[in-house]
Amino acid sequence: MTGDRTTEPGRPDGRTEPPRSLRRVRLGAGGPLCDVRLEGGRVHGIRSHGGPLRGWEPSVDLDGRTLLPGLWDAHVHAVQWAAARRRLDLAGLPSARAAADAVRGHAAGLEPGALLVGYGFRDGLWPDAPHRDLLDAAAGARPVLLVSADLHAVWLNSAALALLGRTDHATGLLRETEALAATERLATADTATSDEWVAQACAAAARRGVTGIIDFEYADNVTDWTRRMAAAYVPLRVAAAVYPEYLDAAVARGLATGSPVPVAARGDGPGGLLEAGPLKLFTDGSLNTRTALCHEPYPGLPGDDPEAHGIALLTPEELRALMRRAAEHGVEPAVHAIGDRANGIALDAFAAVGCRGRVEHGQLLRPEDVPRFAALGVTVGVQPSHAVDDRDVADRHWRGRTHRAFAYADLLAAGARLEFGSDAPVAALDPWVTLANAVARTDDDRPPWHPEQRLSVADALTASARGRATVATGDRADLVVVDVDPLTADDATLRAMPVHGTMVAGEWTHLAD
């Protein structure tokens, strides 16, 4: 990282010399003025501010700023997020025709024949349907691949379909596994380029107070992150999710969820930042693509349509078998479930297997399923930005059921453990925007959407820090220093929270000038 840290002679990578103590900090949101001593990558001691400096030097005076536990983004697709930061932005466009017009304008600035990749379209509310003909008229023979905001669909023109050998496809709109395969084949950068983009995205995350991520990229994440951390300094902890095709390799290496993954020492930063994550499994698709598996059919689809209720990507039997295989080796499942039927299937599987783990998203729930998360010890990885981004499509496609959608307050009241993420690139990897959306339940001029599901700032901070409510002796020294106490910040300040510094294992990964 450059540009936001002071270079010290003898420090590799130009990073600021780590302090022995942080002086004059507010200990947690609304907390007292304290000094915090660091040693061995952990919080070694805490005292009221004002004691002697002897034994606490070198120290840094933080002038009454607020010290918080380091923030995590518990659901990231790192490579796709890094790539999406460079793609044609289609967010907020009101129709397929408007997206095609954006493609036409963007194509004029590209080299002839180069693939045009866009990201972020949401067709769930469009008055017209995505079709290959629209993109053909906009881009001609140039191949075009547009990725939906939820990552569950891609829209291609005839030239891109030809590259896939799919010239017979009627519309050019691919969903679910076909969409993922098309993106991987057409829009994957070479390894060196991709790793550089990921490094830049990690540096940007550190500047926002992020100290760790769970990476759910559709890839061999353990191998990819081992390579990245061996080659260059990474300013984050990473829990690398495992997909079923890589489970046997993880088991053969003795990797369990949370276990450290050995990385060749570089000597230019804290080690031990890579760990094995959970096993990622899918029960259904997404809301915007109308593939989330629900008890009630989607409006406008005939009852005999096999996809009227969404799509089941695994049968209950297949899900239980994969979960059991993983759990026998200490690998906790992380089960993607969005529709209420999918969430019920996921919870039934956890009950049958008897293991702990995670449900990712948990967007639509039956009331009787809400208390089951806590009873089964299942963490809910939620993405509060989806609750504001998808409110309109939920009002249309889950009409009459939205009082039990994105039900964060109900889950918390029932004792569930919530962990916040962005699902980047589905939403921006910025924990303060994520947190603010959980608190406000709106990000525009409209009133809060289902305000009964709003969370307090304190609860949102805890969910953003993987359950750490404050800084305590013995904690990892994964910390963030902010200029404004979040408990007193208004909505605009909370979203744009000025981050003074971020620490991982007691070393600065970001420090403002």
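Everything numeric in this text was worked out from a predicted model, so none of it was measured. Just so it is clear, the values below take in all heavy atoms, side chains as well, and ignore hydrogens, waters and symmetry mates.
The environment of CZ in R341 is sparse: at most 12 heavy-atom neighbours from other residues, nucleotides or ligands sit within 6.0 Å. Under a cut-off of 6.0 angstrom, the local environment of CD in E184 is sparse, with at most 12 non-hydrogen atoms contributed by other residues, nucleotides or ligands. Counted within 6.0 Å of CZ on R356, heavy atoms from surrounding residues, nucleotides or ligands total 12 or fewer; the atom is thus considered open.
Side-chain contact between S422 and S385: absent, with no pair of heavy atoms (C-beta onward) separated by less than 4.5 Å. Proximity of D475 to R42: side-chain heavy atoms (C-beta onward) are nowhere separated by under 4.5 Å. Counting heavy atoms from C-beta on, the side chains of R320 and R325 never come closer than 4.5 Å. Using a 4.5 Å heavy-atom cutoff, the side chains of R391 and T442 are in contact. Within the 4.5 Å cutoff, no side-chain heavy atoms of V499 are placed close to those of V481. For the pair V480/T66, no side-chain contact is recorded, criterion being any heavy-atom separation below 4.5 Å from C-beta on. Looking at heavy atoms from C-beta onward, E332 lies out of side-chain contact with L279 at the 4.5 angstrom threshold. Under the 4.5 Å side-chain criterion, counting only non-hydrogen atoms from C-beta, L319 is not in contact with F350.
Distance alone, capped at 3.5 Å, places no donor-acceptor pair between the R468 side chain and the P69 backbone. When atom types are taken as modelled, the side chain of D123 and the backbone of W126 share no donor-acceptor pair closer than 3.5 angstrom. Of the possible donor and acceptor atoms, none in the side chain of R85 sits under 3.5 Å from a partner among the backbone N and O of Q80. Using modelled atom types, no side-chain atom of S194 and backbone atom of T191 make a donor-acceptor pair closer than 3.5 Å. Judged purely by atom type and a 3.5 angstrom limit, Y119 uses its side chain to pair as donor or acceptor with the backbone of P425. Between the E178 side chain and the R175 main chain, no donor and acceptor come within less than 3.5 Å of each other. Within the 3.5 Å criterion, the main-chain N or O of D395 finds no donor-acceptor partner in the side chain of T402. Judged by distance alone, with hydrogens and angles left aside, the side-chain atoms of H309 form a donor-acceptor pair with the main-chain N or O of H295 at under 3.5 Å.
In this structure, the separation between CD on E217 and NZ on K280 is 10.0 Å, given to the nearest 0.5 Å. Going from atom SG of C294 over to atom CD1 of I311 covers 11.5 Å, rounded to the nearest 0.5 Å. Note that the CZ atom of R399 and the CZ atom of R396 stand 8.0 Å from one another [nearest 0.5 Å]. For the atom pair NE2 of H397 and OH of Y298, the computed distance is 8.5 Å after rounding to the nearest 0.5 Å. Once rounded to the nearest 0.5 Å, the distance linking OG1 of T183 with CG of L174 reads 8.5 Å. Of the inter-residue distances, the one linking D248 atom CG with E245 atom CD reads 10.5 Å to the nearest 0.5 angstrom.
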Pair F406-Q383, side chain to side chain contact (heavy atoms under 4.5 Å, CB included): steps then yes or no
CA-CA 9 Å; F406 307 95; Q383 299 76 40; over 6 Å; no

May I have the step-by-step check of side chain to side chain donor-acceptor pair (under 3.5 Å) for T211 and D478, ending in yes or no?
CA-CA 6 Å; T211 58; D478 298 351; 4.7 Å; no

What verdict does the side chain to side chain contact (heavy atoms under 4.5 Å, CB included) test give for L287 and V393, after you've listed the backbone C-alpha separation in whole Å, the side-chain angles of each residue and the deciding distance to 0.1 Å?
CA-CA 8 Å; L287 166 58; V393 73; 3.6 Å; yes

Residues H336, E360; criterion side chain to side chain donor-acceptor pair (under 3.5 Å); working and verdict:
CA-CA 5 Å; H336 168 113; E360 295 301 320; over 6 Å; no

For D340 and W398: C-alpha separation, side-chain torsions, deciding distance, then whether side chain to side chain donor-acceptor pair (under 3.5 Å) applies.
CA-CA 10 Å; D340 52 2; W398 288 346; over 6 Å; no

Test ring pair (Phe, Tyr, Trp, His ring centres under 6.0 Å) on W72 and F420; report intermediate values, then the result.
CA-CA 8 Å; W72 274 68; F420 283 177; over 10 Å; no

Hey, mind stepping through R26 and D485 against salt bridge (charged side-chain N to carboxylate O under 4.0 Å, His left out) and telling me if it holds?
CA-CA 9 Å; R26 296 285 175 189; D485 189 326; over 6 Å; no

Take T283 and V335, measure what side chain to side chain contact (heavy atoms under 4.5 Å, CB included) needs, and give me the verdict at the end.
CA-CA 7 Å; T283 61; V335 182; 3.4 Å; yes

Using the rule given for side chain to side chain contact (heavy atoms under 4.5 Å, CB included), can you reason through V154 versus L180, listing the C-alpha separation, both sets of side-chain angles and the distance that settles it, and then say yes or no?
CA-CA 8 Å; V154 294; L180 296 175; over 6 Å; no

Check against side chain to side chain donor-acceptor pair (under 3.5 Å), T493 and D490
CA-CA 5 Å; T493 304; D490 59 20; 2.7 Å; yes

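The two atoms that bring A337 and N343 nearest to each other are O-ND2, 3.4 Å, heavy atoms only. When all heavy atoms of I338 and A342 are compared, the closest pair comes out as N-CB, 4.2 Å. The two residues L145 and A182 make their nearest non-hydrogen contact at CD1-O, 3.8 Å. Smallest separation of non-hydrogen atoms from D390 and R122: OD1-NH1, 2.6 Å. Closest heavy-atom contact between R495 and W432: O-CB, 3.7 Å. Scanning all heavy atoms of the two residues, the minimum distance from P235 to T509 falls at O-CG2, 3.5 Å.
Salt bridge D73/R208: absent, no basic N to carboxylate O contact under 4.0 Å. No salt bridge links E196 with R228; every basic N to acidic carboxylate O contact stays at or beyond 4.0 Å. R454 and E452 are not joined by a salt bridge, as no carboxylate oxygen comes within less than 4.0 angstrom of a charged side-chain nitrogen. Taking the charged nitrogens against the carboxylate oxygens, R207 and D430 have no contact shorter than 4.0 Å, which rules out a salt bridge.
The stretch residues 363-376 participates, sequence neighbours left out, in these side-chain hydrogen bond (donor to acceptor under 3.5 Å, both in side chains) pairs: D348-R372, R366-D369, D369-R372.
Neither side chain, T462 nor D459, offers a donor N or O lying under 3.5 Å from an acceptor on the other. Using a 3.5 Å distance cut-off with no hydrogens or angles, the side chains of N288 and S286 do not pair a donor with an acceptor. No donor-acceptor contact under 3.5 angstrom links the side chains of D284 and T291, judged on distance only. Side-chain atoms of T226 and D224 include no donor-acceptor pair closer than 3.5 Å. Side-chain contact annotation: R86 with Q200, donor-acceptor N/O pair under 3.5 Å present.
F373 does not carry R358 over the face of its six-membered ring by the limits of under 6.0 Å from the centre and within 45° of the normal.
Below 30°, between 30° and 60°, or above 60°: for F282 and Y218 the angle between ring planes is between 30° and 60°, a tilted geometry. Classification of the H77-F216 ring pair by plane angle, with boundaries at 30° and 60°, yields tilted.
Taking the six-membered ring where the residue is Trp, the centroids of H75 and H361 are separated by under 6.0 Å.
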